[in-house]
2 protein chains.
Amino acid sequence: MKLEEAKDKFIQTWGSLATSWGINRTMAMVHALLLVSEAPLSTDEIMEALLISRGNANMNVRELMDWGIVKKELKMGERKEFFVADKDIWNVFKQIVKERRKRELEPLVSSLEELRQIDGKTADSKDFLKLIDNLTGVTSKANVLLDLAIKSDENWLMSKLLKLL
Amino acid sequence: MKLEEAKDKFIQTWGSLATSWGINRTMAMVHALLLVSEAPLSTDEIMEALLISRGNANMNVRELMDWGIVKKELKMGERKEFFVADKDIWNVFKQIVKERRKRELEPLVSSLEELRQIDGKTADSKDFLKLIDNLTGVTSKANVLLDLAIKSDENWLMSKLLKLL
DNA sequence: TTGTATTTTCAAGAAAAAATGAAAGTTTAT
DNA sequence: ATAAACTTTCATTTTTTCTTGAAAATACAA
């Protein structure tokens, strides 16, 4: 397999995986493209490589920056903006975990707290509260796991975890 | 807040959260409905509660069964099928992790292996291989974390992890 | 076997999400 | 200040995903 072919394949794979995770296919493809590109790319280069419109390229690049996994880079003498992806995949992983937690886990926790405020002490109410409490419990356990992933050093963490298994 | 109101709110919350994770909103709502229902529900009851068609109810219930988090239950003297959700949320969590890993992480690992088979030893090729290796590394680390979550007893795991933090 | 209850399938329609492209907005150089 | 280079926005169109509902398949009872 040729290098360029492999890069294309990678971009496609990344794109289709993303859709399973509620992430826009094009956004993932832009990310993959930037990952496999040695040099920073301009919007025009992204448009050309992925055959997408300017508006689409712009939107997705900005969203990737919102996620904190792509950065803008300026070249001397050039007015265009260029973009680079963070190549440290462990970093990218942590960043995505961090963002998704902020965007989804935290709102879920507040919702669950609200739902705890039901009136009545019937058997049904108790069962419902039990469910909510179970959910809260699992949520906070997931939080602990994620914290561990985010906050600790990659190698230290893995050696510790492997010992536990 | 009244119990029924809280249950509805829960169903909505669960449904909208699901869409962020690439899961069909209705499927999540059916799941939530079964979670808050004490008794097993028939397809007709699900249709009525969520105002959806028979085909839709059927498809989503079966998909929930594919995920292994909803079970069919037969009542004596009734020809209809009834459905119950696993109420043990930690179990549900583990089951979903297990399934997603099988469906997504494993195919990703094979793709990455394929992509490793590129020819050429240019600087570009080496960079690409490095990226693939980094991805493989993170993937297998995620695997370790998930294994830990899946295979160990809930309380034992948490006490150990908390010590690490 | 025939009829009835129930589940499943799937083509067509509806709804939601994503992409386009041109106009408006910015920034920078002269 | 003007113009050129570039970025952003957003109404419209396109694509994708989800839902419907009726027909086909299946299961069961008489």
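All values below were derived from every heavy atom in this structure, side-chain atoms included, with hydrogens, water molecules and symmetry-related copies excluded. Residue numbers start from 1 in every chain, and the chains themselves are labelled A, B, ... in the order their sequence lines are given, proteins ahead of strands.
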Value in whole Å for how far the [atom2] atom of [N] lies from [atom1] of [X]:
| X | N | atom1 | atom2 | result |
| --- | --- | --- | --- | --- |
| A:F83 | D:dC6 | CZ | P | 13 Å |
| B:K72 | D:dT26 | NZ | C1' | 12 Å |
| B:I23 | D:dT17 | CD1 | P | 15 Å |
| A:E63 | C:dA17 | CD | P | 14 Å |
| B:N56 | C:dT8 | CG | P | 14 Å |
| B:R79 | C:dT8 | CZ | P | 14 Å |
| A:R54 | C:dG25 | CZ | P | 18 Å |
| B:E81 | D:dT26 | CD | C1' | 11 Å |

* For DNA chain C, whose closest nucleotide is more 5', that of B:F82 or that of A:L51? ->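 With B:F82 and A:L51 compared, the 5'-side residue is B:F82.
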* Asked: Ion pair present between A:E154 and A:K94, side-chain N to carboxylate O less than 4.0 angstrom?
  ->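 Looking at A:K94 together with A:E154, the answer is no, because their closest N to O distance does not fall below 4.0 Å.
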* Asked: Does A:D119 come within less than 4.0 Å of B:K2, counting only side-chain N to carboxylate O?
  ->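 No, this pair does not count.
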* **N or O in side chain of A:N58 less than 4.0 angstrom from D:dT7 OP1/OP2** =>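 No.
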* Below 4.0 Å: OP1/OP2 of D:dT19 and any side-chain N or O of B:T26 ->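 Checking B:T26 against D:dT19: at least one side-chain N or O falls below 4.0 Å of OP1 or OP2.
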So, does [X] use its side chain to make a donor-acceptor pair with the main chain of [Y] at under 3.5 Å?
| X | Y | result |
| --- | --- | --- |
| A:E104 | A:R101 | no |
| A:N60 | A:N56 | yes |
| B:S42 | B:E45 | yes |

* To do: With heavy atoms under 4.0 Å as the rule, sort A:N24 into base, sugar-phosphate or nothing.
  =>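 Contact class for A:N24: sugar-phosphate only.
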* To do: Under 4.0 Å between any heavy atoms, over every strand shown, what does A:R62 touch: base, sugar-phosphate, or nothing? Just pick one.
  =>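 Since only primed, P, OP1 and OP2 atoms lie under 4.0 Å of A:R62, the category is sugar-phosphate.
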* **First encountered from the 5' end of DNA chain D, between B:I52 and A:E78** =>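 Comparing both residues, the 5'-ward one is A:E78.
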